Amino acid sequence: MSAPATGADVRVRFSPAPTGYLHVGSARSALFNWMYARHTGGTMILRIEDTDADRSKPELVDAIRDSLGWLGIDWDEEYRQSDRFDQYRAAADSLVERGLAYYCDSTPEEVKARNEARGDGATGYDGYNRDRGLSFVEGKTVVRFRTPETGTTEYDDLIRGHISFDNSTLEDFVIVRSSGVPLFHVANAWDDLTMGITHVVRGEDLVNTVPRVLLLREAMAPLVDADPTPPVFAHLPLIVNEQRKKLSKRRDDVSVGDYRDRGFLADAMRNYLLTLGWGPRDGGDEIRPIDVFVEQFELDDINKAPAFFDVTKLEHFNGEYLRALSVEEFVEVAQPHLGPIPADLFAALAPYAQERVKVLDGIPELLGWIVDDAPDPSDKDWKKVFGKGEPGPILDRLIEALGDCDWTAAAIEETVFGVGTELDAKTQLPVRLALTGVRAGIPLWEPMAWMDRAVVLDRLRATRARLG
RNA sequence: GCCCCCAUCGUUCAGUGGCCUAGGACACCUGCCUUUCACGCAGGCAACACGGGUUCGAAUCCCGUUGGGGGUGCCA
């Protein structure tokens with residue numbers, strides 16, 4: 001068991017594979033690493049795990065860095081595993097020399113065929129070349145690590161407690177491909193060792209790799225002047241979808257960049273992500289500035305159970321953050337989301353939008369009617385508004401009065417309500433439906449004053465006509 | 001199949017043997033405000049998966065059952 005590092009000794013890393021855009025699951029891992037680094041005054045490391053040349057895309061590295069930056073997650077050191085292949089291979093060679101690893105020329109198909117021929121239901125590598133003393137053949141042999149046949153490999157997880165694996169269940173896994181390129185486990189173990197990583201904070205889907213990494217670390221420690229003590233592991237609960245399954249790129253909306261593009265605020269996203277698997281120690285409000293949470297953040301407060309990524313709650317967080325902005329700030333962040341709405345019009349109506357919109361991409365729906373063509377209300381709304389009473393005369397009177405009054409917000413409001421008083425009727429809803437096509441929305445008077453009187457009258461007349 | 005893990009309101013976080021007739025937030029419902037909606041405010045609905053232990057006492061500890069998830073790649 002390792003002595004927990006504290007204070008400025010802490011070194012954590014976020015290690016994404018650049019095989020896709022940053023998704024919410026990895027963003028959460030990055031965040032928790034960052035929280036801990038900042039809480040302890042330690043070092044946050046970004047390590048790009050791009051050992052799989054076929055799937056890694058260099059341009060995605062920048063996309064990931066951008067998304068992290070957007071979330072306000074910064075780092076103190078950065079590495080790329082593709083720059084360090086020589087080190088991993090040297091380490092692997094040494095393992096072979098010392099008999100801790102060996103060459104193997106079995107193809108996956110051959111292994112599978114042997115397993116099926118045996119018919120005992122076992123899968124995975126069968127140890128066929130374990131003791132056959134094969135030597136290196138260019139493009140043909142992989143390097144496999146020789147796992148112990150007996151005993152257990154165990155460790156204490158800061159979040160999940162003691163976890164133990166029977167070594168007999170560990171197969172001899174590949175550490176160097178036949179192409180000569182090292183794989184995840186060696187690269188990961190070597191880097192954690194040589195970079196002095198003290199805390200490994202990552203998703204629960206990686207728990208099963210711990211024994212392999214631990215075994216490798218032990219085997220490689222003599223090669224370097226580094227602390228052989230294993231790091232502290234903290235495996236985060238998975239973030240799941242409504243089916244309680246790990247978020248997947250194919251089925252779920254997981255790209256952090258997509259949320260940004262839709263008009264979620266970085267602070268809201270970060271704050272929400274933080275509440276998945278963790279809550280403030282003081283039991284206080286879950287929406288607060290990040291500094292407050294950084295101060296309280298402890299890895300062993302993290303939950304064990306998976307958490308559902310609830311977009312509805314994210315939206316609530318975003319709404320709160322949006323409303324906490326000054327109007328000027330709100331106008332600023334809204335710019336990319338205005339759609340057909342002129343900037344000066346939006347500036348005038350921004351306060352109305354600010355308290356109604358939860359995500360910025362909802363702005364066109366809220367205000368678009370002002371500049372769009374005449375609306376087409378649903379039958380349901382139509383019936384709700386015009387279904388009873390004698391709406392015809394009310395509309396007639398509205399058209400008449402509105403054709404006549406001053407064209408200012410105050411005069412329009414006074415006119416519409418005046419007709420209401422005169423006829424003892426509610427006049428706002430009919431006007432609203434005629435102009436916007438729906439029964440809910442921002443106050444009408446300013447937008448109406450901004451619109452041409454003729455347009456307003458046209459929509460009112462069209463509604464009157466449909467009434468028959 | 002084998003290995004590992006998880007289990008409190010619909011969701012999320014709180015609860016670490018007595019303060020729990022289980023608390024906050026989201027969602028939902030009701031009311032207030034308002035000639036719309038929203039914001040705001042006041043209420044409401046709603047959970048310790050099940051079965052055995054341990055204990056004077058269990059949501060909290062142990063065992064089992066059931067359910068769920070993750071892994072099982074020359075991916076990470």
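Chain letters run A, B, ... following the sequence lines, proteins first and then strands; every chain starts at 1. Because the structure is predicted, anything quoted here is derived from the model rather than measured.
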Taking D310(A) for its side chain and T312(A) for its backbone only, find out whether a donor-acceptor pair lies under 3.5 Å. yes
Taking the side chain as every heavy atom from C-beta outward, state whether W34(A) and I290(A) have any atom pair closer than 4.5 Å. yes
Nucleotide nearest R356(A) (side chain, heavy atoms from C-beta), chosen from G70(B), A38(B), U11(B): A38(B)
Describe the nucleic acid contact of T312(A) in one word from base, sugar-phosphate, nothing, applying a heavy-atom distance below 4.0 Å. sugar-phosphate
Of the options L206(A), I159(A), D205(A), I302(A), which is the one that meets H235(A) in a side chain to side chain contact (heavy atoms under 4.5 Å, CB included)? L206(A)
Could you tell me whether R47(A) and E49(A) have a side-chain N and a carboxylate O separated by less than 4.0 Å? yes
Please name the residue in the list D191(A), N188(A), D93(A) that meets the side chain to side chain donor-acceptor pair (under 3.5 Å) test with Y88(A). D191(A)
How far, in whole Å, is C56(B) from G68(B) if one measures between their P atoms? 38 Å
For atom P, what is the distance between C50(B) and G67(B), given to the nearest Å? 15 Å
Check every strand shown and say whether I287(A) touches a base, only sugar-phosphate, or nothing at a heavy-atom separation below 4.0 Å. nothing
Across the strands shown, which category fits G319(A) at heavy-atom distances under 4.0 angstrom: base, sugar-phosphate, nothing? nothing
Could you check how far CD of E320(A) sits from C1' of A27(B), rounded to whole Å? 14 Å
Hey, does the side chain of K246(A) come within less than 4.0 Å of G70(B)'s phosphate (OP1/OP2), counting only N and O? no
C6(B) versus C75(B) - spacing of their C1' atoms, nearest Å: 25 Å
When all nucleic acid strands are considered with a 4.0 Å heavy-atom cut-off, which category describes F308(A): base, sugar-phosphate, or nothing? sugar-phosphate
Under 4.0 Å, counting only non-hydrogen atoms across every strand here, what does D54(A) touch: a base, just sugar-phosphate, or nothing? nothing
Would you mind classifying the nucleic acid contact of A440(A) as base, sugar-phosphate or nothing, using non-hydrogen atoms under 4.0 angstrom? base
Is the phosphate of U72(B) approached by T169(A) (side-chain N or O, under 4.0 Å from OP1 or OP2)? no
How close or far is atom P of C74(B) from atom CG of D172(A), stated in whole angstroms? 12 Å
Heavy atoms under 4.0 Å, any strand shown: does P16(A) hit a base, just sugar-phosphate, or nothing? nothing
Give one of base, sugar-phosphate or nothing for Y352(A), where a contact means two heavy atoms less than 4.0 Å apart. nothing
Checking all strands, does R432(A) fall into the base, sugar-phosphate, or nothing category for heavy-atom contacts under 4.0 angstrom? base
Would you indicate, yes or no, if A14(B) has its OP1 or OP2 atom less than 4.0 angstrom from a side-chain nitrogen or oxygen of N303(A)? yes
For E49(A), which contact category applies under a 4.0 Å heavy-atom criterion: base, sugar-phosphate, or nothing? sugar-phosphate
Hey, can you pull the residues of residues 102-116 of chain A with a non-hydrogen atom under 4.0 angstrom from RNA chain B? S106(A), P108(A)
Under 4.0 Å, heavy atoms only, any strand: does G283(A) hit a base, just the sugar-phosphate, or nothing? nothing
U12(B), OP1 or OP2 - any side-chain N/O from R244(A) closer than 4.0 Å? yes
Inter-nucleotide C1' distance (G52(B), C41(B)), Å rounded: 49 Å
Tell me which donor-acceptor pairs under 3.5 Å the side chains of residues 414-425 of chain A have, and how far apart each pair is, sequence neighbours excluded?
from: T415(A); atom 1: OG1; to: A411(A); atom 2: O; distance (Å): 2.6
from: T421(A); atom 1: OG1; to: F417(A); atom 2: O; distance (Å): 3.0
from: E422(A); atom 1: OE1; to: R397(A); atom 2: NE; distance (Å): 3.3
from: E422(A); atom 1: OE1; to: R397(A); atom 2: NH2; distance (Å): 3.3
from: E422(A); atom 1: OE2; to: R397(A); atom 2: NE; distance (Å): 2.6

E78(A) and R65(A) ion-paired at < 4.0 Å: yes
Using a distance-only criterion (donor-acceptor N/O pair, under 3.5 Å, no hydrogens), is the base of A27(B) paired with the side chain of K313(A)? no
Can any side-chain N or O of R80(A) pair as donor or acceptor with the backbone N or O of V61(A) at less than 3.5 Å? no
Across the strands shown, which category fits K358(A) at heavy-atom distances under 4.0 angstrom: base, sugar-phosphate, nothing? sugar-phosphate
